[in-house]
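For clarity, every value in this text was computed on a predicted model and none was experimentally measured.
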Amino acid sequence: MSTDRVIFSRPFRARRELANLEAVLASDHSHGDGQFTAAATAKLRAITGAPHALLTTSCTSALEMAGLLLELGPDDEVVVPSFAFTSTATSMALRGATCVFADIDPATGNLDPESVAAAVTERTKAVVVIHYGGVAADMDRLLDLANTHGFAIVEDNAHGLGGSWRGRRLGTIGTMGTLSFHDTKNVHCGEGGALLLTDEILMARAEIIREKGTDRARFLRGAVDKYSWQDIGSSYLPSELNAAVLDAQLDEFDAIQAERHRVWNSYAEALPDWAARNDVTLMRVPEDREHTAHLYYLRTPTEQRRDDLIAHLSARGISAPFHYVPLDSSPAGLKLGRTPTPCARSAEFSGTVVRLPLWPALRDDQVDRVVDAVTAFTV
Ligand SMILES: *Cc1c(COP(=O)(O)O)cnc(C)c1O
């Protein structure tokens, strides 16, 4: 049995990656919107059920597109979770909108709808929700609030490709959804992302925004005989080289997910007795949601013991990191945001969460090593 370091995450290697890259380079067409972009986009639509999908250079750029489509400006507010990745907020702040930070539900790490309700004002134009670890947020209450107050919901679904809430697929429940194909995500192409849309009118505008404000997409379909500057926009489309890798990964999506669930289920079976004895809270998935095995995390009773556990695992050759640092108290959050009520649960979650190694080729003996090391720790 190997005693190599058990790293936290390793990008998946798909069988067709190199052949696809070779085909792109040989075709003399490596700029965006070629055959691999079309093929990968079709696969994403099949996995998510989204009527429309656009590949982007990252999830961050898909979120920026969402901010443009929402026509956010300095008079607008966007509610974002305090416990989130920076892109979730900075994509909205980039348009001049004020980020209003809301607290999370510690049961899932997701946006707490009651905290959202308390943060909403007549200036609220959107709420950005993360499905943390690929476990859906509490969508029914958020959808109710969106109906009552007339704001849009953007799903930052960087973790949740293939996940669902009450049978509805993540990324297609709100007004728009985004995906990440960064190499730390379940499916990757180095750096990449996608924007998922249901609305035709938003889609027509999105494909222009994505292509430097031009109607090149319509031109490529033969709908217009030349393309011209139509709207503001930027360069949000990835190269065919990225799409070629993504397409190869999506070919093996089911196998990737099966492998990740194997590891996730091993932790979920092995750790409950230890957790109960040590006042540790394990990641839980409410029954009405299917998760994506993006993360397996646990929470210790205190920050000190969390740091001790990370050091204990590190000394045994296991990398187990903490996660997001709360945005509301970060330097940019203080400057660009507003926090109507302190996000105490986000701070506590952030201070006590540890993520265990989880990736498709992680062997069972390595998973056993992680379990043995974790259960040898007394909290
Ligand atoms: C990874 C991640 C992003 C950013 O994704 P990029 O593709 O690197 O831009 C945004 N939001 C969440 C929740 C993420 O985990």
Side-chain angles (χ1 to χ4, degrees), residues 45 47-53 59 62-63 66 69-70 76-85 88-89 92 99-179 195-199 202 281-295 297 299 324 327 340-341 343-346 349:
R45 289 176 46 206
I47 293 168
T48 61
H52 306 290
C59 182
L63 288 163
L69 288 166
L70 290 166
D76 299 319
E77 293 181 344
V78 179
V79 179
V80 297
S82 154
F83 185 70
F85 191 61
T88 314
M92 306 295 136
C99 293
V100 179
F101 296 105
D103 212 349
I104 56 162
D105 175 354
T108 57
N110 288 328
L111 200 51
D112 169 25
E114 297 321 311
S115 184
V116 173
V120 167
T121 71
E122 68 280 1
R123 293 170 59 198
T124 306
K125 203 160 195 181
V127 171
V128 190
V129 60
I130 295 178
H131 305 299
Y132 183 61
V135 178
D138 192 354
M139 292 306 293
D140 50 356
R141 182 79 174 108
L142 288 173
L143 290 167
D144 272 357
L145 288 168
N147 268 336
T148 308
H149 299 281
F151 56 72
I153 293 181
V154 178
E155 295 174 78
D156 175 348
N157 193 32
H159 302 179
L161 175 62
S164 66
W165 168 80
R166 299 185 187 166
R168 295 175 68 180
R169 284 175 274 184
L170 304 187
T172 65
I173 303 167
T175 318
M176 312 179 208
T178 64
L179 297 170
L195 179 66
L196 306 178
L197 296 166
T198 36
D199 185 271
L202 283 180
T281 309
L282 299 177
M283 179 173 177
R284 276 190 44 253
V285 181
E287 269 175 18
D288 59 353
R289 337 186 172 182
E290 274 176 44
H291 74 107
T292 58
H294 176 58
L295 301 177
Y297 66 81
R299 291 198 301 120
Y324 307 131
L327 296 179
T341 28
C343 298
R345 283 168 280 148
S346 163
F349 197 97

Would you say the side-chain atoms of [X] pair up with the backbone N or O of [Y], donor to acceptor, closer than 3.5 Å?
{"X": "R289", "Y": "A136", "answer": "yes"}
{"X": "E155", "Y": "G177", "answer": "no"}
{"X": "H159", "Y": "G133", "answer": "yes"}

Please enumerate all residues that pass salt bridge (charged side-chain N to carboxylate O under 4.0 Å, His left out) together with R345, with sequence neighbours excluded.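 So R345 forms a salt bridge (charged side-chain N to carboxylate O under 4.0 Å, His left out) with D103, D112.
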If you look at every heavy atom in [X] and [Y], which pair is closest and at what distance?
{"X": "A53", "Y": "R45", "result": "CB-CG, 3.7 Å"}
{"X": "A102", "Y": "V79", "result": "CB-CG1, 3.7 Å"}
{"X": "D199", "Y": "L202", "result": "OD1-N, 2.8 Å"}
{"X": "H131", "Y": "A137", "result": "ND1-N, 3.0 Å"}
{"X": "V100", "Y": "A119", "result": "CG1-CB, 3.8 Å"}
{"X": "V80", "Y": "A89", "result": "CG2-CB, 4.2 Å"}

When rounded to the nearest 0.5 angstrom, what distance separates [atom1] in [X] from [atom2] in [Y]?
{"X": "F83", "Y": "L111", "atom1": "CZ", "atom2": "CG", "value": "12.5 Å"}
{"X": "L195", "Y": "H52", "atom1": "CG", "atom2": "NE2", "value": "11.0 Å"}
{"X": "L145", "Y": "E114", "atom1": "CG", "atom2": "CD", "value": "7.0 Å"}
{"X": "S164", "Y": "M139", "atom1": "OG", "atom2": "CE", "value": "12.5 Å"}
{"X": "I104", "Y": "Y324", "atom1": "CD1", "atom2": "OH", "value": "11.0 Å"}
{"X": "S346", "Y": "L327", "atom1": "OG", "atom2": "CG", "value": "7.5 Å"}

Pairs flagged by side chain to side chain donor-acceptor pair (under 3.5 Å) wherever residues 167-177 is involved - sequence neighbours left out: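 Qualifying pairs, neighbours excluded: none.
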What pairs with [X] under side chain to side chain contact (heavy atoms under 4.5 Å, CB included), at least two apart in sequence or on another chain?
{"X": "A126", "value": "L70, V78, A152"}
{"X": "T121", "value": "E77, R123, T124, R338"}
{"X": "D156", "value": "C59, L63, T88, V128, I130, A158, T178"}

Step-by-step side chain to side chain contact (heavy atoms under 4.5 Å, CB included) determination, V129 to L142: CA-CA 9 Å; V129 60; L142 288 173; 3.9 Å; yes
Listed partners of Y297 passing ring-ring contact (aromatic ring centres under 6.0 Å, His included), at least two apart: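 Only Y132, F349 meet the ring-ring contact (aromatic ring centres under 6.0 Å, His included) criterion with Y297.
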Are L179 and N157 packed together at the side-chain level, in the sense that at least one heavy-atom pair is separated by less than 4.5 angstrom?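 The answer is yes, as the side chains (C-beta and beyond) meet within the 4.5 Å cut-off.
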Derivation and outcome, side chain to side chain contact (heavy atoms under 4.5 Å, CB included), residues I153 and I173: CA-CA 8 Å; I153 293 181; I173 303 167; over 6 Å; no
Please test K125 against M92 for side chain to side chain contact (heavy atoms under 4.5 Å, CB included), starting from the C-alpha separation and ending with a verdict. CA-CA 11 Å; K125 203 160 195 181; M92 306 295 136; over 6 Å; no
